[in-house]
Structures are given as C-alpha cells and as structure tokens.
Visitor: 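Before I ask anything, let me first share the structure, which is written out below as structure tokens.
Convention: sequence-line order gives letters A, B, ...; per-chain numbering from 1.
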2 protein chains.
Amino acid sequence: MARDDTVHRKAVLSVLDEARWHLTADEVYEEVKKTLPRISKGTVYRNLRKLRDRGDIAALELSGALTRFEGRREPHYHFVCESCGCVFDLDEPVDHELNARVEKKSGFRIAYHHLEFRGRCSGCENMQTRH
Amino acid sequence: MARDDTVHRKAVLSVLDEARWHLTADEVYEEVKKTLPRISKGTVYRNLRKLRDRGDIAALELSGALTRFEGRREPHYHFVCESCGCVFDLDEPVDHELNARVEKKSGFRIAYHHLEFRGRCSGCENMQTRH
DNA sequence: ATAACTGCAAATGTTTTGCTGGAAG
DNA sequence: CTTCCAGCAAAACATTTGCAGTTAT
C-alpha cells in the first residue's frame, strides 16, 4: 500500500486485508463506515476501482453475482454455494499450463483464465432445506 | 421447444437458435422486434428467464459483463476478448473429471464448473489499437 | 497553483415487478 | 373460470458521474 494513500483508501484496503471473506462493495462500505462514518459510497467505489487497477486487491466477478473484493493473494479458484451464496477459496492448484495449451489450439492470445466451481457447501448439504 | 409456447416465446427462442453468437437481452429484444414490433422488454426478459429455467437456452454469466444467452448446445468453454469484448466458443473438451477431483479434495458437493479464458482475439491482436 | 480526493445527489443501465387487460384451455 | 401471458411504466439495484468544496503537495 502506498504510504501517501488517503485515510479513506487505507481504510478500504485494511477492511479487505482483515476480512477473511470476499466482500461486496456495499459490505466494504458498511464496514468502513464504522471507522469513518462520513465516508460516501462514491468514495468507496472509487477507491475499490483504484486499488484493483493498481493490483492491491482483486475483484471477483463470479457468475451472476455482485462483484466481490478480496485482499491480494496468490491466484486461486473459488467455489460458490448456490444455496447460500457463500464463496470459498479452494486449495486446488492453479493450472498454469492451461493457458498455453488452449492458446496453441485456439489461436487466441490468452492472458489468464477464470475457473469457478458451483454446487452446495457442506453446511447447506447437511440441512435439507434448499435455497 | 414446447408446442404450446406463445408466439413471443417462440420468437425469442428462434432468434437465439439462429444466432451464431451470444446475444445480450437487449440484442435479443432488438432482434425479436423485427418480427414482433410491439413486444416489450419485460416480455423478453420474462421469456429469457423461463427458457433458461427450462433448459432450452443457456445463460452465460461471464466476468464483469452483461449476461448473454445462447441456444442450447453441449457444455463448452468460452474465450472473451478483453479488447473488443467478443465472446467465442472453444473446442477445448470439457473436463468431466475435474468436478469429482475437486469435490473429493474440498468436501464441497460440486455440480458443475465454469471456465473462461480471457485475452485478445486474433483480430485485435493484429490491429495494434487497444480497447 | 495544481492536482488528487471527498461528500452528496443525480444519472446510468440492466433487470425485475406491479398492474390491468387479453388469450388460451 | 382460472391460469398464463402480454404491454407498459415504474421500481429496484449496483455502479458511475458531475459538481463544488477540501486537502495535500
């Protein structure tokens, strides 16, 4: 994090670094408000975009869901529970050769891929209730 | 397609079956309007949802983009050009064992996965212009 | 001075919904 | 009669933007 960041930007980043979770913009907003009650949503959005562009955080754009943000870590895949909507990080190693393989076959210049698993998490699987 | 579908629903489905492309809801709307000029967007959205729920079409919810719809075909992966936004189907075979493998390791009940490659398509790669 | 940043409110763009009337079974 | 579906307009929703004032360099 750049030392000369504003209080607001630092607060946004710190919320994401401390969260062991993937937060939506609105959740970040609610969290930051606890420290900076006068912060506005516009500022949160502006800072999230800036931090993402700069690579300090990652934006998770999963299928048919709100964008979620997470503190920067190594690339990894995600599991989405279609019952409760929770998002989990997976330990599954990222397949680094996949891009090159598909690039050769398809002719497209591939920069990265995005892999997401969907189903029901253990919690939802145990309760019989669905949705 | 159910024989007793309405004219409107049939038109939506037929647009998607004939398109060799992935259309946004709005593009479907514009296309259907050529045949049924008085159709409303609400109707297009309602029918897209119904057709998707029923499995007659697939909804592509790619990272950070509008949902696109395609006529039903075998599962396949997609490539998204980050320069022009185009979406291409890939021939790459779907990895059917992946779900079971990750399910065993993670403990989540995995129903399916979603794999999407991103980069620059050949056309954009040749022109030096970006975005 | 100038550039970057803020709060606020308004605008944007996609998708959903309420309502009322019509068509189908 | 009852259910489904239509058009239309309004609502909902996340996100972006314009503006005028503030802070930092």
Visitor: For B:His78, check ring-ring contact (aromatic ring centres under 6.0 Å, His included) against everything at least two apart and list the hits.
Guide: B:His22, B:His76
Visitor: Connecting only ILVMFWY residues whose side-chain heavy atoms lie within less than 4.5 Å of each other, what is the rest of B:Val80's hydrophobic cluster?
Guide: B:Leu60, B:Leu62, B:Val87
Visitor: A:His114 vs B:His114 aromatic rings, parallel, tilted or perpendicular, using cut-offs 30° and 60°?
Guide: perpendicular
Visitor: Please produce a list of atom pairs where a protein N or O lies less than 3.5 Å from an N or O of nucleotides 20-25 of chain C.
Guide:
none

Visitor: At under 4.0 Å between heavy atoms, which parts of nucleotides 6-14 of chain C does protein reach? Answer with one letter per nucleotide, 5' to 3': B base, S sugar-phosphate only, - none.
Guide: BBB-----S
Visitor: So, does A:Lys50 get its side chain near the phosphate of C:dC5, meaning an N or O under 4.0 Å from OP1 or OP2?
Guide: yes
Visitor: Any salt bridge between B:Lys50 and B:Asp5, counting N to O under 4.0 Å?
Guide: no
Visitor: Return yes when atom CG of A:Asp53 has more than 12 non-hydrogen atoms of other residues, nucleotides or ligands closer than 6.0 Å, and no otherwise.
Guide: yes
Visitor: Is the closest side-chain heavy-atom distance between A:Tyr77 and A:Asp95 below 4.5 Å?
Guide: yes
Visitor: How are the rings of A:Trp21 and A:Phe88 set to each other: parallel, tilted or perpendicular (split at 30° and 60°)?
Guide: perpendicular
Visitor: Donor-acceptor pair, B:Glu116 side chain versus B:Ser63 backbone, under 3.5 Å?
Guide: yes
Visitor: Could B:Arg109 and B:Glu103 be called an ion pair, given the rule that one side-chain N must be under 4.0 Å from one carboxylate O?
Guide: yes
Visitor: With a strict under 4.0 Å distance from non-hydrogen atoms of chain B, what nucleotide opens and what nucleotide closes the contacted stretch of DNA chain D, reading 5' to 3'?
Guide: D:dC5 to D:dC8
Visitor: Excluding sequence neighbours, so at least two apart, what forms side chain to side chain contact (heavy atoms under 4.5 Å, CB included) with A:Leu36?
Guide: A:Val7, A:His8, A:Ala11, A:Val32, A:Ile39
